[in-house]
Every structure is written in C-alpha cells, then in structure tokens.
Amino acid sequence: MAARAPRAADLSELDAAVADCFACPRLVAWREEVAEVRRAAFRDQVYWGRPVPGFGPADARIAILGLAPAAHGGNRTGRIFTGDRSGDVLFAALHRAGLANQPTSVAADDGLELRHTRIAAAVRCAPPDNKPTPAERDTCAPWLHREIELIRPTLRVVVTLGAFAWAAWWPTLRQVYGVRPPTPRPVFGHGAHWSCDAVPQVLGCYHVSQQNTFTGRLTPTMLDEVFARARSLAGLDELH
Ligand code: SF4
C-alpha cells in the first residue's frame with residue numbers, strides 16, 4: 001500500500017501505484033460509497049472513486065499542497081481540484097499567473113496543462129466532511145514524500161493551501177531532505193513565509209474552499225499575490 005511509495009521510479013509509476021492504494025479502511029469505504037451513491041447532478045457519470053494522484057510536470061519548481069480530494073470533485077473526475085468550485089478558483093488563478101494553459105478544470109481529459117507547477121494533496125482519498133484523521137494523514141505521507149523526492153531537483157517553493165497542508169509539510173523536510181523540521185513549527189497564516197537553506201521555501205495561503213472564497217476571506221487578488229510571490233521565489237520571473 002503506501003509502503004510501496006518509495007519504490008516508484010518516476011511520477012507515472014507513483015501515480016499509478018497510489019491510485020491502487022487501500023491502506024485506510026475508513027477512507028476506502030467513503031470514497032467508494034460516494035462513487036456509488038453519487039450526487040444527483042452527476043448521476044449519469046462514472047465516478048473515479050479511488051485515490052487521486054498529483055498533477056503537473058516532473059520538473060515543477062512550485063508545489064501546491066492541498067488537503068484532500070473533494071468527494072464530488074477529484075473523487076469524481078480522478079484529477080485533483082478538478083470538477084468543483086475550489087478548482088474553479090484555483091485554476092483561474094494559476095492561469096492568471098501563467099502557471100496553467102487554461103483557466104478551467106472540468107474533467108481529466110479537458111486539455112489542462114500546468115507549467116512549472118505540481119499539485120498534490122496531503123491525503124489522497126476523499127474524507128468524510130473533508131476531515132482526515134491524523135492517523136490517515138500519517139498513513140498517506142509516504143506518497144507525498146516520494147512525490148517530493150521525485151521533483152526535488154527543481155522544486156523551489158511549496159504553497160500550502162490551509163493549515164492542514166501547512167502542518168503536513170514539515171515531516172517532509174526530514175524524510176526527503178534530511179533536515180530537522182523547525183521547532184516550534186512556524187504558525188500558519190495567509191501570506192506566511194518560511195525559508196531555510198537548501199530546502200524549498202514555504203508559503204501559506206488560505207484554502208480555496210467555498211467557505212473561504214464565497215465569504216471573501218480569500219479573494220482573487222489575494223491568490224494572485226501568493227502566486228506572484230511563488231513565481232518570484234521560484235525564479236520563474238527570470239526565465240520569461
Ligand atoms: S488516504 Fe492515502 S494511504 Fe489512505 S488509502 Fe488513500 S491513498 Fe492510501
């Protein structure tokens with residue numbers, strides 16, 4: 001299961017292996033139940049109903065780390081942040097930042113391509129109420145660690161969407177980079193920035209959930225500022 005993650009030789013092998021993971025009984029049951037029952041609007045669709053791999057090129061300089069796939073978004077379409085309102089907001093912002101070739105993300109075969117950017121979730125199966133347990137986060141961590149290891153040569157910046165992803169990042173420092181995570185842990189906040197020699201810099205961003213975007217807690221301008229900063233820290237502005 002997740003113990004197979006370290007053996008994946010490249011991202012395509014990792015993506016294929018994670019899609020076949022059954023390590024968390026509660027999440028396996030939930031992702032399959034949602035795929036079976038479906039939402040009325042998608043009743044004629046076949047849900048993915050499996051773990052959702054990361055998405056984006058292997059030479060990414062920026063990693064975007066989310067919480068977990070949405071029950072009727074990634075768990076339906078098979079691609080992270082695809083087919084839900086959170087994704088609408090995120091990909092529109094990535095397109096404005098020049099990090100995506102189109103502003104929409106509706107299905108796995110819609111032609112979307114990311115530039116210099118890889119998106120992954122800290123937990124790869126849709127959890128009930130969008131709330132994975134700490135044990136599920138830890139069980140899933142080897143998938144994240146191997147993914148980061150595979151993009152390590154180019155990775156410069158990690159944008160964490162929300163406090164859960166922010167907290168899930170720190171063990172990666174030890175597992176992938178052999179660096180002791182900071183103690184106490186840096187406090188999450190929108191615009192929070194952490195840096196240390198020889199490891200990716202970390203930016204905090206409020207999650208693109210409807211709860212944040214519908215209430216104005218997170219605006220398109222705030223997202224534009226985060227991705228402009230990520231581009232700059234990743235050295236992308238010098239490339240183009
Ligand atoms: S959450 Fe992660 S470890 Fe658990 S079943 Fe899904 S992919 Fe496997």
Side-chain angles (χ1 to χ4, degrees), residues 5-6 8-19 51-69 74 78-82 86-87 89-103 105 108 110-124 140-162 165-166 168-173 175-177 179 193-196 198-205 207-208 223-240:
D10 55 32
L11 283 180
S12 25
E13 215 172 279
L14 186 82
D15 294 349
V18 70
V52 181
F55 175 59
D59 62 350
R61 290 187 177 215
I62 299 171
I64 299 173
L65 190 57
L67 193 168
R79 194 174 67 194
I80 195 71
F81 281 113
T82 296
S86 301
V89 173
L90 177 62
F91 288 107
L94 291 176
H95 183 249
R96 289 194 300 273
L99 298 172
N101 70 331
Q102 61 187 44
S105 175
D110 62 5
L112 176 67
E113 289 174 17
L114 298 183
R115 302 185 184 118
H116 312 293
T117 304
R118 175 105 181 156
I119 305 179
V123 172
R124 309 217 164 190
C140 205
W143 296 115
L144 172 66
H145 297 160
R146 184 61 183 147
E147 187 156 6
I148 297 299
E149 211 162 44
L150 289 167
I151 62 172
R152 176 178 173 171
T154 52
L155 184 62
R156 300 286 174 271
V157 182
V158 179
V159 177
T160 60
L161 299 178
W166 175 267
W169 168 254
W170 306 110
T172 313
L173 293 179
Q175 294 299 326
V176 178
Y177 295 89
V179 169
H193 175 219
W194 178 86
S195 68
C196 178
V199 297
Q201 302 190 52
V202 185
L203 288 176
C205 178
H207 195 279
V208 286
L223 273 172
D224 290 349
E225 286 164 359
V226 167
F227 289 124
R229 198 164 175 205
R231 279 191 62 106
S232 167
L233 294 173
L236 290 174
D237 293 341
E238 293 138 36
L239 287 183
H240 301 286

Answer yes or no: is there a side-chain heavy-atom contact under 4.5 Å between [X] and [Y]?
X: Leu65; Y: Leu161; value: no
X: Ile148; Y: Trp143; value: no
X: Arg124; Y: Pro53; value: no
X: Val159; Y: Val202; value: no
X: Ser12; Y: Asp15; value: no
X: Ile62; Y: Leu236; value: yes

Nearest-0.5 Å distance, [atom1] of residue [X] to [atom2] of residue [Y]:
X: Trp170; Y: Thr160; atom1: CH2; atom2: OG1; answer: 7.5 Å
X: Arg115; Y: Glu113; atom1: CZ; atom2: CD; answer: 8.0 Å
X: Leu11; Y: Glu13; atom1: CG; atom2: CD; answer: 10.5 Å
X: Leu99; Y: Leu114; atom1: CG; atom2: CG; answer: 8.0 Å
X: Leu155; Y: Arg61; atom1: CG; atom2: CZ; answer: 10.5 Å
X: Arg118; Y: Ile64; atom1: CZ; atom2: CD1; answer: 12.0 Å

Aromatic ring pairing His207/Phe81, orientation class (parallel under 30°, perpendicular over 60°, tilted between): tilted

Any idea which heavy atoms bring [X] and [Y] closest together, and the distance?
X: Tyr177; Y: Pro200; value: OH-CG, 3.2 Å
X: Thr82; Y: Ser105; value: OG1-OG, 2.7 Å
X: Ala121; Y: Ile80; value: CB-CD1, 3.8 Å
X: Val226; Y: Gly204; value: CG2-O, 4.4 Å
X: Gly66; Y: Ala165; value: O-CB, 3.7 Å

Trace of the side chain to side chain contact (heavy atoms under 4.5 Å, CB included) decision for Gln102 with Asp110: CA-CA 10 Å; Gln102 61 187 44; Asp110 62 5; 3.6 Å; yes

Residues Leu112, Asn101; criterion side chain to side chain contact (heavy atoms under 4.5 Å, CB included); working and verdict: CA-CA 6 Å; Leu112 176 67; Asn101 70 331; 3.6 Å; yes

Between Gln201 and His193: side-chain donor-acceptor atoms closer than 3.5 Å: yes

Side-chain ion pair, Arg152 and Glu147, N-O less than 4.0 Å: no

Under-4.0 Å salt bridge between Arg146 and Glu149: yes

Phe227 and its side-chain contact (heavy atoms from CB on, under 4.5 Å) partner, picked from Val157, Leu203, Leu94, Thr117: Leu94

